[in-house]
Amino acid sequence: VVPFFKFNTTSAYVPKSKIDLSYELLNRRKLYTLNSFKAELGYVWKPNLFKEHSLNLFSVDIVQALNVTKLYLDSIKKIPILQHVIDTQFILGSNYIFTFNPLVNDAKGTGWFFNGLADLSGNIAGAVTGANVKKGEAKRIFGVPFSQYIKGQADLRYYYAFNKNARLANRIIAGIGIPYGNSTQLPYIKQFFSGGTNSIRAFRSRSVGPGTFRDPNADSAAFYPDQAGDVKFELNTELRYKINNIIETAFFIDAGNVWLFNKDTSTSYPRPGVQFTKNFYKELAVGAGIGLRLDLTILLLRLDVAVPVRKPWLKAGIPGKNFDLSNPVFNLGIGYPF
């Protein structure tokens with residue numbers, strides 16, 4: 001149902017109007033519970049087998065925290081940025097996703113893959129209300145401050161098959177979100193993270209960055225890795241070798257980090273080195289490791305073991321060593337990381 005324009009498709013791929021309604025409950029035991037409501041109205045169409053467009057003209061997300069424990073509230077007193085996780089979020093905007101995958105008929109072959117995202121939120125509401133949080137003029141909808149930002153992300157991959165048993169997989173992810181008007185940073189669910197089983201596997205999930213910052217409690221049991229950013233850059237390369245029809249090995253190197261778009265001005269919890277600058281490439285975390293995969297046909301089980309090769313926070317004068325074999329990180333996953 002399209003009153004505005006005609007889709008460029010063939011009879012083999014029927015364009016569709018799409019209505020999505022969803023609810024998600026995230027329960028972090030002993031910490032908090034997040035309720036997420038989402039609604040989208042848009043279109044999906046394919047010009048051919050390899051290309052797909054998804055345009056959501058209307059997209060709304062509402063996130064509310066419930067059952068926040070005293071343990072987490074006490075942690076916020078020490079680490080104020082944790083408050084951002086449980087803040088009520090109201091996101092009203094549009095988004096567009098383009099995917100190019102010429103390997104759809106040859107999953108083990110050679111070729112490129114691309115996925116791009118453009119995400120806009122609060123632009124019309126901001127223009128109508130004249131929101132400017134930096135001047136103390138934050139505006140609300142239904143009693144909740146709405147988020148205002150422009151976000152883009154590109155995921156580019158190249159796969160090269162040496163033969164039927166050996167394949168090289170490469171990926172570059174670059175993303176940036178620019179908060180303005182009614183926001184000073186991206187809402188938590190829209191921010192970027194680095195580290196973990198599908199990211200930089202030598203570091204715990206969401207524990208890298210932003211920039212050269214390292215939380216003083218990062219090595220303690222009381223640390224909650226939720227280090228988010230408005231900018232992300234990540235590189236991954238992985239050599240996969242199939243031993244037989246079931247067992248596969250891998251050797252990989254990961255690098256990347258996240259940063260904030262604006263300088264952190266907090267005085268109660270200062271975070272130096274978090275802002276994105278032209279020297280970002282000097283602040284990349286790097287890890288390397290090996291992996292074992294079990295291909296059970298209906299699913300692929302993955303175990304990766306990695307060690308840090310470069311820790312960006314050492315640049316800031318924090319004691320430690322880069323190459324650290326004494327603390328390997330184990331990652332369990334289902335499917336390939338990319």
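Keep in mind that what you see is a predicted model, and the values were worked out from it rather than measured.
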List the atom of [X], the atom of [Y], and the distance in Å for their closest heavy-atom pair.
X	Y	result
Ser121	Ile91	OG-CG2, 3.3 Å
Arg167	Tyr159	NH2-CB, 3.3 Å
Pro272	Thr212	O-OG1, 4.2 Å
Leu41	Ile19	CD1-CG1, 3.7 Å
Ile97	Thr99	CG2-OG1, 4.1 Å
Pro102	Phe50	CA-CD2, 3.5 Å

Do [X] and [Y] have side chains that approach each other closer than 4.5 Å (heavy atoms only, starting at C-beta)?
X	Y	value
Tyr158	Ile172	no
Gln185	Asp264	no
Leu292	Ile247	yes
Pro210	Gln227	yes
Val208	Phe193	no
Ile150	Asn123	yes
Lys242	Asp295	yes
Tyr96	Leu120	no

Side chain of [X], backbone of [Y]: donor and acceptor closer than 3.5 Å?
X	Y	answer
Thr110	Tyr160	no
Arg206	Ala228	no
Asn322	Lys311	yes
Asn56	Asn95	no
Asp254	Asn236	no
Ser36	Val63	no
Gln89	Asp61	no
Arg310	Leu284	yes

With the 4.5 Å side-chain cut-off for hydrophobic clustering, are [X] and [Y] part of the same group?
X	Y	result
Leu300	Val305	no
Leu117	Phe100	no
Phe213	Phe233	no
Phe58	Ile62	yes
Phe261	Val258	no

Would one find more than 12 heavy atoms of other residues, nucleotides or ligands at under 6.0 Å from atom [atom1] of [X]?
X	atom1	value
Tyr241	OH	no
Ile246	CD1	no
Ile253	CD1	no
Asn245	CG	no
Leu25	CG	yes
Leu73	CG	yes

Distance check, rounded to the nearest 0.5 Å: [X] atom [atom1] versus [Y] atom [atom2]?
X	Y	atom1	atom2	result
Ile189	Gln191	CD1	CD	10.5 Å
Lys190	Ser183	NZ	OG	12.5 Å
Tyr188	Gln83	OH	CD	13.0 Å
Asn257	Ile200	CG	CD1	6.5 Å
Asn170	Thr237	CG	OG1	4.0 Å
Leu168	Arg240	CG	CZ	9.0 Å

Donor-acceptor list for residues 276-283 side chains, cut-off 3.5 Å, not counting sequence neighbours:
from: Thr277; atom 1: OG1; to: Asn279; atom 2: N; distance (Å): 3.3
from: Glu283; atom 1: OE1; to: Trp259; atom 2: NE1; distance (Å): 2.7

> Please walk me through it: do Arg293 and Asp304 pass salt bridge (Lys or Arg N to Asp or Glu O under 4.0 Å)?
Replying inline: CA-CA 8 Å; Arg293 287 83 192 270; Asp304 291 328; 3.1 Å; yes
With under 30° as parallel and over 60° as perpendicular, where do the rings of [X] and [Y] fit, or are they tilted in between?
X	Y	answer
Tyr23	Phe37	tilted
Tyr72	Tyr32	perpendicular
His53	Phe98	tilted

> Less than 4.0 Å between a side-chain N and a carboxylate O, is that true for Lys78 and Asp74?
Replying inline: no
>> Between Glu234 and Arg171, does any side-chain N to carboxylate O distance fall below 4.0 Å?
In response: yes
> Can a donor-acceptor pair be found between the side chains of Tyr180 and Asn262 at a distance below 3.5 Å?
Replying inline: no
> Between Glu40 and Ser59, does any side-chain donor sit less than 3.5 Å from a side-chain acceptor?
Replying inline: yes
Pairs under 3.5 angstrom only: tabulate donor-acceptor contacts from the side chains of residues 139-149 to other protein residues two or more places apart or in another chain.
from: Arg140; atom 1: NH1; to: Gly143; atom 2: O; distance (Å): 2.9
from: Gln148; atom 1: OE1; to: Asn182; atom 2: N; distance (Å): 2.9
from: Tyr149; atom 1: OH; to: Asp119; atom 2: OD2; distance (Å): 3.1

Which donor-acceptor pairs under 3.5 Å do the side chains of residues 325-338 make with protein atoms, sequence neighbours left out?
from: Ser326; atom 1: OG; to: Asp324; atom 2: OD1; distance (Å): 2.5
from: Asn327; atom 1: ND2; to: Asp324; atom 2: OD2; distance (Å): 3.1
from: Asn331; atom 1: ND2; to: Arg201; atom 2: O; distance (Å): 2.9
from: Tyr336; atom 1: OH; to: Lys108; atom 2: NZ; distance (Å): 3.1
from: Tyr336; atom 1: OH; to: Glu248; atom 2: OE1; distance (Å): 3.1
from: Tyr336; atom 1: OH; to: Glu248; atom 2: OE2; distance (Å): 3.2

> Between Lys51 and Tyr13, is NZ or CZ placed under 6.0 angstrom from the six-membered ring centre and within 45° of the ring axis?
Replying inline: no
>> Working note: Asp230 + Ile178, criterion side-chain contact (heavy atoms from CB on, under 4.5 Å); need CA distance, chi angles, decisive distance, verdict.
In response: CA-CA 7 Å; Asp230 303 322; Ile178 303 176; over 6 Å; no
